[in-house]
Protein chains: 2
Amino acid sequence: MERTLTENETAADAAGGVDAPGAAGGAGAAAGGALYRRVAADLREAITTGAYGETGRLPAEGALAERYGVSRGTVRQALAVLRADGLVTSRRGTRRVVLGNARVQSFSELLSFTHWARSMGEEPGGRLESLVRRPADAAEREHLRLPPGSEVYVTLRLRTLSGTPVMCERTVYPPHVGILVAQLPPDVVSHTEQLREHGILFTDADHTIDVVAANAEDAKLLGCRRGAPLLRERRRTTDPTGRPVEWSQDRYLPGTVAFSVHNSLATSALSRHARESD
Amino acid sequence: MERTLTENETAADAAGGVDAPGAAGGAGAAAGGALYRRVAADLREAITTGAYGETGRLPAEGALAERYGVSRGTVRQALAVLRADGLVTSRRGTRRVVLGNARVQSFSELLSFTHWARSMGEEPGGRLESLVRRPADAAEREHLRLPPGSEVYVTLRLRTLSGTPVMCERTVYPPHVGILVAQLPPDVVSHTEQLREHGILFTDADHTIDVVAANAEDAKLLGCRRGAPLLRERRRTTDPTGRPVEWSQDRYLPGTVAFSVHNSLATSALSRHARESD
DNA sequence: GAGTGGTCTAGACCACACG
DNA sequence: GTGTGGTCTAGACCACTCT
């Protein structure tokens, strides 16, 4: 039973018509990107739609390979994606089992407050409180891998959802990014989007999550008391080259957000630390 | 230039002598597990030791394949592990680049307070405050995938590091696990370890991290004021079958822990949510 | 013993980065 | 243009689960 992958889709999950792998061997990709991504997208939809039940078993790899008209290796590549997302299990000897309806966010929704807000149907807002250029301190040089004597651009922004303040964001940019940020109009909603259009790409990020007490500035901006608890997310983002492009610290009012992570024996991107490594 | 993988190692990172893939084709594994894991472990050490510099480039896949006497596919499998850990980049057209010294924790260190404490050289402590068996409420049945009318076992434990209280842990177990927990001596340090010896395996986990205010019970146990902020981690863990084995809620005193996550365009296990999904 | 996923090999072509 | 990683194929054997 051959199955044709459906057309269309937003972006990374795109799918293009597939009839046969064409002249074999080749990339096979035509419209929607890699073949395995289209297979993964199709399976993801089938799973979240409940086609295999809440805790059902998937067809065998061989069966899927035949259904989609691809090799077993390609099917495995597709399934690896779903497994990393925590959607299915995988163990030797038995069919894969549906784990849950993991709602995974795209990378850009994670990095961009604006994308995130819009994906929830909320109206994102932002006000630039300050932007300064100054010499980087030791910690900043460390995080951004800058040589001694480097300067950085530092922004402070208040972020709102539908008008309500929820987070304040302090971001340190290396010179080659900061110079672009400094040229943006002060009322730009999404810095991330603008930077992307200027060729600054975000591909990897390290996040650290903990609790801190609001300082005087936080309190003033967010409208809470000094010393009130805030959920803090610190993040270092790098471009495809591995060069740091951002070192940011976000402080959320309690009750406005929660962070979710999935991991498994095979894939563990999460860790727990004792003290502040600042 | 052929390179022999070094012997031994703790467990999952183990390495065994390799001369040639033996009769080819086969699993090739003899002592330390899969071939690609041994290659990954060797490369991991080389990288964290600084053999390629802080931001250096790795040899090409083909070169590594020759060095280790394996196929390119196996090398790629090894590199995929390192990439998921955030240790190296990977983009078409150029060599991989060292990203950072990501200190990744093993899965068990993440799930077990005891393992975690010991890996830091601290002395873990635990006191069982209560253990009750009662009918599961709707939320608990949902998380543990239990049918109506099921019972659950609920534990409350205070956790200490070197004698200092840092966290209180409320765990809900499904019947088949709870019945084992109930039989453990009240002074057992690690429930996780004991359960593993009884054949209960942990392979997948979903974590949600946010901030909550201490209730009366938290305050009494942790020695803080009522309403004081706590870092909360909720976690649903499943076994290889996909069956939930634990639904836990840990509340940490501020300043005692931080959680770190790595993600990338290719691998995103992290997400950010608006409200409590409880 | 049959079925299924895990691992490994060998070869191929393509897309992209960089000189 | 050359080198590099990304994708795909085809075939093989092994380890494990389950009946």
Side-chain angles (χ1 to χ4, degrees), chain A residues 12 16 18 20-30 32-40 57-66 68-83 88-97 199 201 203 239-243 264-266, chain B residues 12 16 18 20-30 32-40 57-66 68-83 88-97 199 201 203 239-242 264-267:
Chain A
V18 171
L35 198 41
Y36 78 89
R37 286 185 185 282
R38 283 178 271 169
V39 173
R57 287 161 64 200
L58 258 54
E61 294 176 355
L64 290 173
E66 197 178 349
Y68 289 110
V70 302
S71 76
R72 191 185 156 213
T74 300
V75 167
R76 283 182 59 77
Q77 221 172 338
L79 290 170
V81 174
L82 304 184
R83 171 176 139 193
V88 297
T89 61
S90 78
R91 44 196 283 250
R92 201 168 348 210
T94 54
R95 299 246 183 106
R96 285 183 172 75
V97 170
L201 300 177
T203 57
D239 67 15
T241 310
R243 182 150 69 144
S264 69
L265 249 180
Chain B
V18 172
L35 198 41
Y36 78 88
R37 288 185 184 281
R38 283 178 271 168
V39 173
R57 287 161 65 199
L58 257 54
E61 293 176 356
L64 290 173
E66 197 178 349
Y68 289 109
V70 301
S71 77
R72 190 184 156 212
T74 300
V75 167
R76 284 182 59 77
Q77 222 173 336
L79 289 169
V81 174
L82 304 184
R83 170 176 139 191
V88 298
T89 61
S90 78
R91 46 198 281 250
R92 199 165 356 208
T94 55
R95 299 253 183 100
R96 286 183 170 76
V97 171
L201 300 177
T203 56
D239 69 13
T241 310
S264 70
L265 249 181
T267 300

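Being a predicted model, the structure only gives us computed values, none of them experimental. Chain identifiers are assigned alphabetically (A, B, ...) following the order of the sequence lines, protein sequences preceding nucleic acid strands; residue numbering begins at 1 within each chain.
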**Prompt:** With a 4.0 Å cut-off on heavy atoms, is B/R96 in touch with a base, just the backbone sugar-phosphate, or nothing at all?
**Reply:** sugar-phosphate

**Complete:** Assert: residue with more 5' nearest nucleotide on DNA chain D, out of A/V75 and B/G93, is B/G93

**Request:** Give the angle between the helix axes at the two ends of the helix from C/dG1-D/dC18 to C/dC18-D/dG1, taking five base pairs at each end and rounding to 10°.
**Result:** 20°

**Message:** What contact category does B/R91 fall into here, base, sugar-phosphate, or nothing, at under 4.0 angstrom with non-hydrogen atoms?
**Reply:** sugar-phosphate

**Closest nucleotide among D/dT4, C/dT7, D/dT7 to the B/Q77 side chain** = C/dT7

**Asked** In whole angstrom, what separates A/E66's CD from D/dG11's P?
**Response** 14 Å

**Request:** Would you please confirm or rule out a distance under 4.0 Å between OP1 or OP2 of D/dG6 and any side-chain N or O of B/R76?
**Result:** yes

**Prompt:** Can you name the residues that form a side chain to side chain contact (heavy atoms under 4.5 Å, CB included) with A/T94, not counting sequence neighbours?
**Reply:** A/R91

**Prompt:** Taking OP1 and OP2 of C/dA17, is either one under 4.0 Å from a side-chain nitrogen or oxygen of B/T94?
**Reply:** no

**Prompt:** Over how many whole Å does the gap from B/R57 atom CZ to C/dG19 atom C1' extend?
**Reply:** 12 Å

**Prompt:** Listed by chain and number, what are the side chain to side chain contact (heavy atoms under 4.5 Å, CB included) partners of A/A266, not counting sequence neighbours?
**Reply:** A/R83, A/S264

**Request:** Rounded off to whole Å, could you give me the CD-to-C1' distance for the A/E61 and D/dT9 pair?
**Result:** 15 Å

**Message:** Is there, by distance only and without an angle test, a donor paired with an acceptor across the side chain of B/R72 and the base of C/dG11 below 3.5 Å?
**Reply:** no

**Item:** Residues forming a salt bridge (charged side-chain N to carboxylate O under 4.0 Å, His left out) with A/R76, sequence neighbours excluded
**Value:** A/E61

**Prompt:** Does any non-hydrogen side-chain atom of B/V70 lie less than 4.5 Å from one of B/L35?
**Reply:** yes

**Request:** Indicate yes or no: at least one non-hydrogen side-chain atom of B/L58 is less than 4.5 angstrom from one of B/V88.
**Result:** yes

**Item:** Rounded interatomic separation in angstrom, taking CG from A/L64 and P from C/dG3
**Value:** 17 Å

**Item:** For B/R92, all residues meeting side chain to side chain contact (heavy atoms under 4.5 Å, CB included), sequence neighbours excluded
**Value:** none

**Under-4.0 Å side-chain N/O to phosphate OP1/OP2 contact, B/R92 with D/dT4** = no

**Prompt:** OP1, OP2 of D/dT7 versus side-chain N and O of A/T74: anything below 4.0 Å?
**Reply:** no

**Prompt:** In whole Å, what is the span from the CZ atom of B/R95 to the C1' atom of C/dC16?
**Reply:** 16 Å

**Asked** Looking at residues at least two apart in the chain, or sitting in another chain, which of them share a side chain to side chain donor-acceptor pair (under 3.5 Å) with A/T89?
**Response** none

**Fill in**
Of the listed C/dG6, D/dG6, D/dT9, the closest approach to the A/S90 side chain comes from C/dG6

**Request:** Take the protein atom OH of A/Y68 and the nucleotide atom P of D/dT9, then report the distance between them rounded to whole Å.
**Result:** 14 Å

**Message:** If you assign each of A/Y36 and B/T241 to its closest nucleotide in DNA chain D, which residue comes earlier from the 5' end?
**Reply:** A/Y36

